[in-house]
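The model shown is predicted, which means the values in this text are computed figures rather than measured ones. Numbering of ligands and ligand atoms starts at 1, following listing order.
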Amino acid sequence: SKAQGRNICHFFTDAMNLGMSRRLQIEEQLHGALAREEFQLCYQPLINIARRAIIGAEALLRWRNPRLGAVPPDEFIPVAEHTDLIIDIGKHVLSQAIEQVAYWRGALSPDFKVAVNLSPRQFRDTGLASFIEQTLARHGVPGNALELEITEGVLMGGHTHINDALVSLNRMGVHIAMDDFGTGYSSLSYLRSYPFDTLKIDRSFVGDITIDAADRELVNATIAMAHGLGLSVVAEGVETEAQLDYLHSRGCDIAQGYLFGKPVPAEAFNTIFGQPV
Ligand code: C2E
Ligand code: CA
Ligand code: CA
Ligand code: CA
């Protein structure tokens, strides 16, 4: 009927308005979120598979806003990226993570490292490498305490100063990881052109390795190729012992996933992982 049609129309326009206003609300609330201290950094353990030992942690950002509640990073990071707010948020994340790894190097292990995600926009900031150098110096930690995780989005466009930044970070001993490997279009050509140390296999390839022969072949080939290039390999999204056993049998170096722990704040991380796994 006509009335029903109108209701359906209302339903769709409301849903669309809702969608738009959420994006706008996120943008509005994101301004000032740093000053209101609404961000918290969580850490997820990185496990050396052969030694079954924690060797580091990936820093993952959490945002809790009084109006919006907990907003997942997949939702707010793109907005932060689009509005350039990512520059200040990203510096905050780097400072916090570097301060934390300084503590862990003393308390847990002298070669503990922290991995930090960087967005394309942050890499286009010409001051990035010197900001990192100063922050490392301020906390008295060497470059090899830090690994920067980048996706191929950072490298798209091929700006020369991105390569310059990667080269000077590399000279400081900072490691560079290619994140979400296998999900993009040009990962192989970027591996050839930039100084990567680590390759992170996307969790979409790991989830089914015990049941899907094709995924297994892709993972096998990726590990072999990475090792051929002298890169260390991290498997993301490891949730079961069976997945871990398989990855171990193929010589995968590092595992990350719910099997070992979800991302948690530093205090909880210390309580849970204060002793060797
Ligand atoms: P990512 O870098 O690929 O991070 C891994 C994501 O997988 C995290 O989601 C993590 O919680 C999740 N994960 C880890 N282990 C498992 C598992 O065993 N099973 C499943 N199903 N998921 C697992 P999260 O924390 O929601 O982060 C999503 C994305 O947001 C990250 O993906 C990263 O791209 C971005 N992100 C998070 N923090 C930051 C940040 O500080 N800066 C930037 N630029 N991006 C960030
Ligand atoms: Ca990552
Ligand atoms: Ca990833
Ligand atoms: Ca599959």
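Residue Val116 is grouped with residue Phe39 when hydrophobic side chains (ILVMFWY) are merged at heavy-atom distances under 4.5 angstrom, including chains of intermediate members.
Within the set Arg203, Arg121, Gln122, Gln96, the minimum heavy-atom distance to atom 12 (C) of ligand 1 is found for Arg203. Residue nearest to atom 40 (C) of ligand 1, selected from Thr151, Asn117, Leu259: Asn117 (by heavy-atom distance). Around atom 18 (O) of ligand 1, the closest heavy atom drawn from Phe260, Tyr258, Phe76 belongs to Tyr258.
Residue contacts with ligand 1: Pro263 is included, with a non-hydrogen atom under 4.0 Å away. Between Gln256 and ligand 1 there is no heavy-atom distance shorter than 4.0 Å. Residue contacts with ligand 1: Glu81 is excluded, as none of its non-hydrogen atoms falls under 4.0 Å.
Side chains of Asn270 and Tyr43: a donor-acceptor N/O pair is absent below 3.5 angstrom, by distance only.
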Query raised in the report: Could you go step by step and tell me if Leu85 and Val79 meet the side chain to side chain contact (heavy atoms under 4.5 Å, CB included) rule?
Result: CA-CA 8 Å; Leu85 287 166; Val79 181; over 6 Å; no
Query - side chain to side chain contact (heavy atoms under 4.5 Å, CB included) evaluation trace for Leu188 with Met225 - result: CA-CA 10 Å; Leu188 290 179; Met225 176 200 65; 3.5 Å; yes
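Numbered from 1 in the order shown, with element, the atoms of ligand 1 that lie under 4.0 Å from a heavy atom of Asp74 read 28 (C), 29 (C), 30 (O). Atoms of ligand 1 found under 4.0 Å from any heavy atom of Glu236 (numbered from 1 in listed order, with element): 3 (O). Interface of Glu58 with ligand 1, defined as ligand atoms under 4.0 Å from a residue heavy atom, comprises 2 (O), 4 (O). Close approach to Asp179 involves these atoms of ligand 1, each under 4.0 Å from a residue heavy atom: 2 (O). Close approach to Gly257 involves these atoms of ligand 1, each under 4.0 Å from a residue heavy atom: 15 (N), 18 (O). Near Val93, with a cut-off below 4.0 Å to any heavy atom, the atoms of ligand 1 are 41 (O). Listed by number with element, the atoms of ligand 1 under 4.0 angstrom from any heavy atom of Asp180 are 3 (O).
Two residues are said to be in side-chain contact when any heavy atoms from C-beta on lie closer than 4.5 Å; Asp125 and Lys91 meet this criterion.
To the nearest 0.5 Å, atom CG of residue Leu118 and atom CD1 of residue Ile176 are 8.0 Å apart. Between atom CD1 of residue Ile209 and atom CZ of residue Arg216 there is a gap of 8.5 Å, rounded to the nearest 0.5 Å. With rounding to the nearest 0.5 Å, the separation of CZ in Phe181 from OH in Tyr190 is 13.0 Å. For the atom pair OG1 of Thr198 and CD of Glu147, the computed distance is 3.5 Å after rounding to the nearest 0.5 Å. Taking OG from Ser232 and CG from Asn48, the interatomic distance works out to 9.0 Å, rounded to the nearest 0.5 Å.
A 6.0 Å sphere centred on NE2 of His82 holds no more than 12 heavy atoms belonging to other residues, nucleotides or ligands. More than 12 heavy atoms of other residues, nucleotides or ligands shown are found within 6.0 angstrom of CZ on Arg138.
For the Ca ion (ligand 2), the count of nearby protein N, O or S atoms, meaning those under 3.0 Å away, is 4.
Residue-level proximity to ligand 1 for Ile77 is carried by the side chain, the only part with a heavy atom below 4.0 angstrom. With a heavy-atom cut-off of 4.0 Å, Gln44 touches ligand 1 through its side chain alone. Contacts of Arg62 with ligand 1, taken as heavy-atom pairs under 4.0 Å, involve the side chain alone. Residue contacts with ligand 1 for Lys262 are absent, since no atom lies close enough (heavy atoms, distance under 4.0 Å). At a heavy-atom distance under 4.0 Å, no atom of Leu41 approaches ligand 1.
Between Glu241 and Arg52 there is a salt bridge, since at least one side-chain N of the basic residue sits less than 4.0 Å from a carboxylate O of the acidic one.
Looking from atom 10 (C) of ligand 1 to the surrounding protein, the closest heavy atom is Leu60 CD1, 3.9 Å. Protein heavy atom nearest atom 41 (O) of ligand 1, with residue, atom name and distance: Leu61 CB, 3.5 Å. Atom 24 (P) of ligand 1 has its closest protein heavy atom at Pro73 CG, 3.8 Å. Among all non-hydrogen protein atoms, the one lying nearest atom 21 (N) of ligand 1 is Glu239 OE2, 3.4 Å. Atom 44 (N) of ligand 1 has Ser119 OG, 2.8 Å as its closest protein atom, hydrogens excluded (heavy atom only).
In terms of heavy atoms, Leu41 sits closest to Ala97 at CD2-N, 4.0 Å.
Here Phe123 pairs with nothing under the ring pair (Phe, Tyr, Trp, His ring centres under 6.0 Å) rule; sequence neighbours left out.
In this structure, Phe76 and Trp63 have perpendicular ring planes: the angle between them is above 60°, well past the 30° mark. Using the six-membered ring where Trp is involved, Phe196 and Tyr194 have ring planes that are perpendicular, over 60° apart on the 30 and 60° scheme. Relative ring orientation between Phe269 and Trp104 is described as tilted, the plane-to-plane angle lying within the 30° to 60° band.
In this structure, atom 32 (O) of ligand 1 is not in close contact with the protein, since no protein heavy atom lies within 4.0 Å of it.
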